[in-house]
Q: 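I'd like to ask some things about the structure below.
The sequence lines fix the lettering, A, B, ..., with proteins before strands; numbering per chain opens at 1. Given the structure is predicted, the values throughout are model-derived calculations rather than measurements. All values below were derived from every heavy atom in this structure, side-chain atoms included, with hydrogens, water molecules and symmetry-related copies excluded.
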2 protein chains.
Amino acid sequence: MNLSQTTVSRALNGYPEVSAETRRRVAEMADKLGYAPNSQARRLATGRSMAIGHVIPRSIHEMMNPIFLEFIAGAGETYSRHGYDMMLSVVDDAHEEDAYRQIASRKKADGVIIHGPANDERRHLLLKKLNLPFVVHGRIPGAESETSWIDMNNRRAFERATNLLLDLGHTRIALLNGLEHMDFAHRRRRGFEDALAGRGLSPDPALMRSADMTEPYGCENAVAMLKGDDPPTAFLVSSMISAIGVARGIGQCGLKAGKDVSIITHDDALSFLPNCGEVPIFTCTRSSVRYAGEKAAELLLAMIADPDAKPASLHMDAELIIGQSTGPVPSPQNQARP
Amino acid sequence: MNLSQTTVSRALNGYPEVSAETRRRVAEMADKLGYAPNSQARRLATGRSMAIGHVIPRSIHEMMNPIFLEFIAGAGETYSRHGYDMMLSVVDDAHEEDAYRQIASRKKADGVIIHGPANDERRHLLLKKLNLPFVVHGRIPGAESETSWIDMNNRRAFERATNLLLDLGHTRIALLNGLEHMDFAHRRRRGFEDALAGRGLSPDPALMRSADMTEPYGCENAVAMLKGDDPPTAFLVSSMISAIGVARGIGQCGLKAGKDVSIITHDDALSFLPNCGEVPIFTCTRSSVRYAGEKAAELLLAMIADPDAKPASLHMDAELIIGQSTGPVPSPQNQARP
DNA sequence: TTGAAAGCGCTACCAC
DNA sequence: GTGGTAGCGCTTTCAA
């Protein structure tokens with residue numbers, strides 16, 4: 001085909017100086033021969049790995065499993081669109097730092113996403129030291145202005161949800177939260193408490209739980225609380241999975257969700273747990289975690305393209321959507337008792 | 001430090017000819033300087049990408065989301081242990097072939113895993129043509145002997161589950177299956193039908209559904225069937241998520257699961273949907289999809305290490321575990337009616 | 001046991 | 001608009 005490697009490279013990479021005719025010929029040939037530049041060689045030559053790393057310590061995975069994948073899927077689409085690969089490392093919690101060090105020293109990725117920031121988060125310090133660009137899914141307390149992040153307004157979402165319940169007359173509201181050493185859960189709790197405080201109420205520790213958001217967690221706590229001395233009339237729940245458990249627990253107590261007991265849950269808009277339709281099953285605060293993934297990826301790619309840009313962030317509000325699981329507090333005399 | 005690049009490379013890669021003393025010095029220095037060989041350069045030099053690709057078309061992702069991540073997590077652990085990276089590509093269904101072609105032509109991965117084989121699967125043909133080693137999670141009908149795969153015995157699991165229900169006296173058994181154009185669901189249906197046939201019964205199409213395994217799918221169909229003319233006394237369900245929906249539907253009809261209506265579900269042993277304890281909530285056929293991921297990865301890495309080896313496979317039986325959701329068929333006179 | 005040097009397959013710079 | 005060539009940072013012969 002009588003063309004130098006140089007020209008072929010330029011043609012395939014869309015350099016402007018190549019003549020249209022040459023480009024056409026090259027493209028045609030490449031197509032015919034099934035040729036595409038070896039990505040390792042290109043990466044070595046350019047010094048960019050064209051990959052983004054996601055380090056998943058087992059502990060995060062255990063609890064955030066379905067939410068995490070939805071985020072990944074969103075991010076993955078953005079990467080594909082921009083010619084980036086996604087590298088996933090599943091590691092023991094003890095090896096998380098190592099994983100980041102390796103990514104940096106072996107140049108395995110051009111940037112990483114931090115998942116599930118904790119209240120005492122430290123990963124960002126390491127990444128800064130390693131000079132590895134990153135975006136946080138969530139926020140790192142105290143480092144908001146010096147890091148790029150994408151987060152939903154957890155505090156406000158739970159404050160609004162609590163206010164909705166208060167407006168319906170509920171005052172005994174239970175909070176089934178995620179693990180509160182995680183930033184998102186911590187903020188949700190604050191929103192809950194702020195709303196109560198706004199009405200001059202103070203939270204009852206007997207009605208507050210913090211744990212992995214499994215289905216049995218919802219069920220067992222709902223049953224235990226409803227059978228207690230001064231049961232709640234409403235539940236505020238941190239995930240659909242647990243909310244389903246709460247609904248089951250309510251049923252086990254012979255009560256009816258949305259009538260005897262209200263539920264509001266946060267809904268990450270996971271595809272296998274649809275909560276939509278004309279009137280969704282659960283009243284919820286909804287925020288698409290998949291969309292968050294797309295946006296986080298965009299932020300990170302922009303950072304990589306322009307390393308000198310200032311940190312950028314995206315703060316999203318959840319929608320508050322009325323479903324079938326909320327209603328006015330039952331008047332005391334009608335109030336069903338298990 | 002006065003050592004050639006050659007020696008450093010050998011020391012770091014564990015070549016036997018390096019003296020213990022030299023190796024120690026190299027390791028120490030590397031540690032001190034935070035040095036690790038650039039993976040792109042190494043890949044280029046060795047010709048192996050040391051990565052395994054997972055191509056996720058959106059459609060698979062939509063329905064298999066949580067199950068898929070659990071598999072990935074298992075595989076990821078195996079990869080880490082063997083120094084391999086995991087590359088995830090989330091693509092439009094229309095670009096799936098392209099994704100595989102790119103992995104092959106650009107040498108992005110040394111092998112791939114095929115997820116969610118369909119009844120009319122064709123991906124393996126492409127991969128053979130591309131000369132890209134692969135392992136199937138599930139089985140490709142008609143290509144069992146010429147491909148490496150790992151699968152649970154779906155047919156037998158559902159046959160055993162059905163037999164258990166039959167032994168309990170149930171004859172009106174509903175099947176809420178996954179999408180039957182997928183191989184796993186197809187086999188589960190066969191198991192169900194085989195068991196019925198073994199007792200001289202034939203399946204009632206009015207009691208059989210095939211769809212994405214969401215929670216509402218379980219609930220809506222349970223309600224519709226239970227309100228029908230000749231309602232089922234038991235449900236056989238393809239996923240925990242849908243089974244939870246079935247339980248909700250049963251509750252909505254004023255019936256009690258495990259007493260008025262029995263449920264057996266398949267349980268992939270997902271961490272956020274624990275179904276264990278002394279007596280699990282759901283009677284189930286259980287098979288850890290995470291374990292499957294680990295094993296699939298091992299098969300694939302072995303294939304890559306020895307390209308001439310014959311295809312190997314792993315066929316696992318699910319456990320049949322008795323929980324609280326099954327009981328003898330209610331005698332007709334006592335049988336609760338919605 | 002160690003070192004020198006030739007690639008691996010590209011991109012990017014500098015000529016033409 | 002096109003081509004020659006020098007790396008990119010390793011691994012891997014081949015020699016010593």
Q: If you walk 5' to 3' along DNA chain C, what is the first nucleotide with an atom under 4.0 Å of a heavy atom in chain B, and what is the last?
A: C:dT1 to C:dG9
Q: Using 4.0 Å as the upper bound for N to carboxylate O, is an ion pair formed by A:Glu97 and A:Arg122?
A: no
Q: For B:His315, enumerate each residue passing the ring-ring contact (aromatic ring centres under 6.0 Å, His included) test, keeping only those at least two apart in sequence or located in another chain.
A: B:Trp149
Q: Is there a donor-acceptor pair closer than 3.5 Å between any side-chain N or O of B:Ser80 and the backbone N or O of A:Val90?
A: yes
Q: Could you pull out the closest heavy-atom pair between B:Asn119 and B:Pro141, with the gap in Å?
A: O-CG, 3.6 Å
Q: Polar pairs (N or O, both sides) under 3.5 Å between protein and nucleotides 13-16 of chain D?
A:
none

Q: Scan residues 40-53 of chain B against DNA chain D and write down, sorted by residue number, each residue with any heavy atom closer than 4.0 Å; if none is found, say none.
A: B:Ala41, B:Arg42, B:Ala45, B:Thr46
Q: Are B:Glu144 and B:Ser313 side-chain neighbours, meaning at least one heavy-atom pair lies under 4.5 Å?
A: no
Q: Is there side-chain contact between B:Arg139 and B:Glu121, with at least one heavy-atom pair below 4.5 Å?
A: no
Q: Any donor and acceptor pair, going by atom type alone, linking the side chain of A:Ser49 with main-chain N or O of A:Asp110 inside 3.5 Å?
A: yes
Q: So, does B:Ser148 use its side chain to make a donor-acceptor pair with the main chain of B:Pro311 at under 3.5 Å?
A: no
Q: Mind checking whether A:Phe68 and A:His115 have parallel, tilted or perpendicular rings, split at 30° and 60°?
A: perpendicular
Q: Does any N or O in the side chain of A:Glu28 come within less than 3.5 Å of the main-chain N or O of A:Val26, such that one atom is a donor and the other an acceptor?
A: no
Q: Using side chain to side chain contact (heavy atoms under 4.5 Å, CB included), reason through A:Lys129 and A:Arg101 one step at a time and then give a plain yes or no.
A: CA-CA 10 Å; A:Lys129 206 175 73 191; A:Arg101 284 181 199 284; 4.2 Å; yes
Q: Identify, between A:Glu17 and B:Tyr35, the residue whose nearest nucleotide on DNA chain D lies closer to the 5' end.
A: A:Glu17
Q: Among all residues two or more places apart in sequence or in another chain, which pass the side chain to side chain donor-acceptor pair (under 3.5 Å) test with A:Ser9?
A: A:Asn13
Q: Through what angle, rounded to 10 degrees, does the axis of the helix from C:dT1-D:dA16 to C:dC16-D:dG1 turn between its ends, using five pairs per end?
A: 30°
